[in-house]
Amino acid sequence: MFNFCIFASGAGSNFIEIYRFSKKNSNKMKINLLVSDKVDCGAVKYAKKNEIDYIIVNVNLFPNAKDQETRIIESLKFHKINYIVLAGYIKKVPIKVINDFKNKILNIHPSLLPKFGGKGFYGMNVHNAVIQSKESKTGVTIHFVNKDYDKGPIIYQEEIPVYANDNAEKLSKRVLRLEHKTYKKIISYLINDKIIWNGNKPEIRKIYND
Ligand code: GRF
């Protein structure tokens, strides 16, 4: 049984999908906590409605970065969290959390990293850049988080085509649907011990047909 914490700042569609998935797999996983920096975002509203514990950590509530880190660390401990899933979290994860949860933090990025990753590449910026660069394909990347933004070990990538009549808006919707599908798939691998390490590289153990 694994206890999960989700970090989210936005609409929370990935959070909601993962939460529903956790309910169907309640013998293997539970979402014990949501961490957000936005008091009123979709993710927090959903947590309130569904009685999921959440904490808000931002500069208004905790002007000192160290206090933000402490608040998060203490909550993770209190809820006995095993894995953290970043789902549209726009703040940096405090370094102590990254160190304490080495290879236990997942992130999803809406492009085929290393393309369109790193500083400034979040939200619609990513899809705008893909369109402007006339890429023929884009997709999602799911990776473990380390201290280098968008550069942690990649677990899984999946491509979709960029069509001639695509714009960033249309593309973002298709990529988001792909995010929902692939994030659940990888979390399912995680809770079923199908992600193994080959040196520094995570690999998906293919023993079952799925
Ligand atoms: C997703 O595209 C995610 O990859 C990105 O932010 C978006 C979050 O969407 N980092 P939601 O809040 O899960 O609906």
Side-chain angles (χ1 to χ4, degrees), residues 4-23 29 31 33-50 52 54-58 83-94 97-98 105-133 135 137-162 166-188 190:
F4 278 73
C5 172
I6 313 287
F7 282 43
S9 309
S13 69
N14 278 292
F15 165 51
I16 295 166
E17 288 285 325
I18 297 166
Y19 179 72
R20 290 184 178 143
F21 177 82
S22 76
K23 286 289 179 191
M29 72 180 284
I31 294 179
L33 181 67
L34 170 75
V35 173
S36 184
D37 56 306
K38 295 259 177 1
V39 191
D40 213 20
C41 67
V44 170
K45 284 185 182 146
Y46 186 84
K48 282 184 184 162
K49 217 163 111 191
N50 291 278
I52 304 162
Y54 68 92
I55 57 166
I56 308 289
V57 179
N58 60 29
Y83 286 107
I84 295 173
V85 174
L86 307 185
Y89 185 64
I90 52 165
K91 293 285 176 211
K92 270 202 140 162
V93 177
V97 178
I98 292 178
I105 309 177
L106 294 180
N107 183 41
I108 192 159
H109 186 81
S111 79
L112 298 169
L113 290 174
K115 283 194 162 180
F116 309 105
K119 213 173 153 48
F121 283 116
Y122 59 89
M124 287 307 282
N125 295 357
V126 175
H127 306 296
N128 278 319
V130 168
I131 295 284
Q132 269 157 29
S133 315
E135 296 289 311
K137 59 186 189 191
T138 185
V140 304
T141 303
I142 297 171
H143 64 94
F144 285 111
V145 172
N146 62 16
K147 61 178 176 32
D148 302 317
Y149 197 69
D150 283 343
K151 286 198 181 132
I154 293 177
I155 307 163
Y156 183 76
Q157 294 189 297
E158 192 166 320
E159 294 178 10
I160 52 170
V162 179
D166 261 336
N167 56 33
E169 192 74 30
K170 283 188 197 166
L171 202 55
S172 72
K173 289 193 176 132
R174 291 210 316 283
V175 172
L176 190 61
R177 276 204 295 276
L178 185 66
E179 287 181 44
H180 296 162
K181 185 188 95 177
T182 54
Y183 228 176
K184 287 183 287 194
K185 174 157 124 174
I186 295 308
I187 289 170
S188 150
L190 197 65

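Remember, it's a predicted structure, so these values are computed and weren't measured experimentally. Numbers here simply count residues along the sequence, with the first being 1. All ligand and atom numbering here is 1-based and tracks the order in the structure.
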J.: What residue and heavy atom of the protein are closest to atom 14 (O) of ligand 1, and at what distance?
T.: S13 OG, 2.5 Å
J.: Considering distance alone, does some N or O of H109 sit under 3.5 Å from an N or O of ligand 1?
T.: no
J.: Got a second to check how far S22's OG is from K184's NZ, nearest 0.5 Å?
T.: 11.0 Å
J.: Return a yes/no value for G12: is any of its N or O atoms, backbone included, closer than 3.5 angstrom to an N or O of ligand 1?
T.: yes
J.: So which of A11, C41, G88 gets nearest to atom 5 (C) of ligand 1, if we judge by its closest heavy atom?
T.: G88
J.: Quick check on contacts: which atoms of ligand 1 are under 4.0 angstrom from a heavy atom of I108?
T.: 4 (O)
J.: Does one side chain, of E158 or Y156, offer a donor that lies under 3.5 Å from an acceptor on the other?
T.: yes
J.: Between the side chains of Q157 and T141, is a donor N or O closer than 3.5 angstrom to an acceptor N or O?
T.: yes
J.: Would you tell me whether Y149 and K92 have side-chain atoms, one donor and one acceptor, within less than 3.5 Å of each other?
T.: no
J.: Could you list the atoms of ligand 1 found under 4.0 angstrom from a heavy atom of E179?
T.: 1 (C), 2 (O), 3 (C), 4 (O)
J.: Could you list the atoms of ligand 1 found under 4.0 angstrom from a heavy atom of P110?
T.: 4 (O)
J.: Check this for me: does any side-chain nitrogen of one of D166 and R174 sit under 4.0 Å from a carboxylate oxygen of the other?
T.: yes
J.: In this structure, which one of V35, I84, N14, L34 forms a side chain to side chain contact (heavy atoms under 4.5 Å, CB included) with I6?
T.: L34
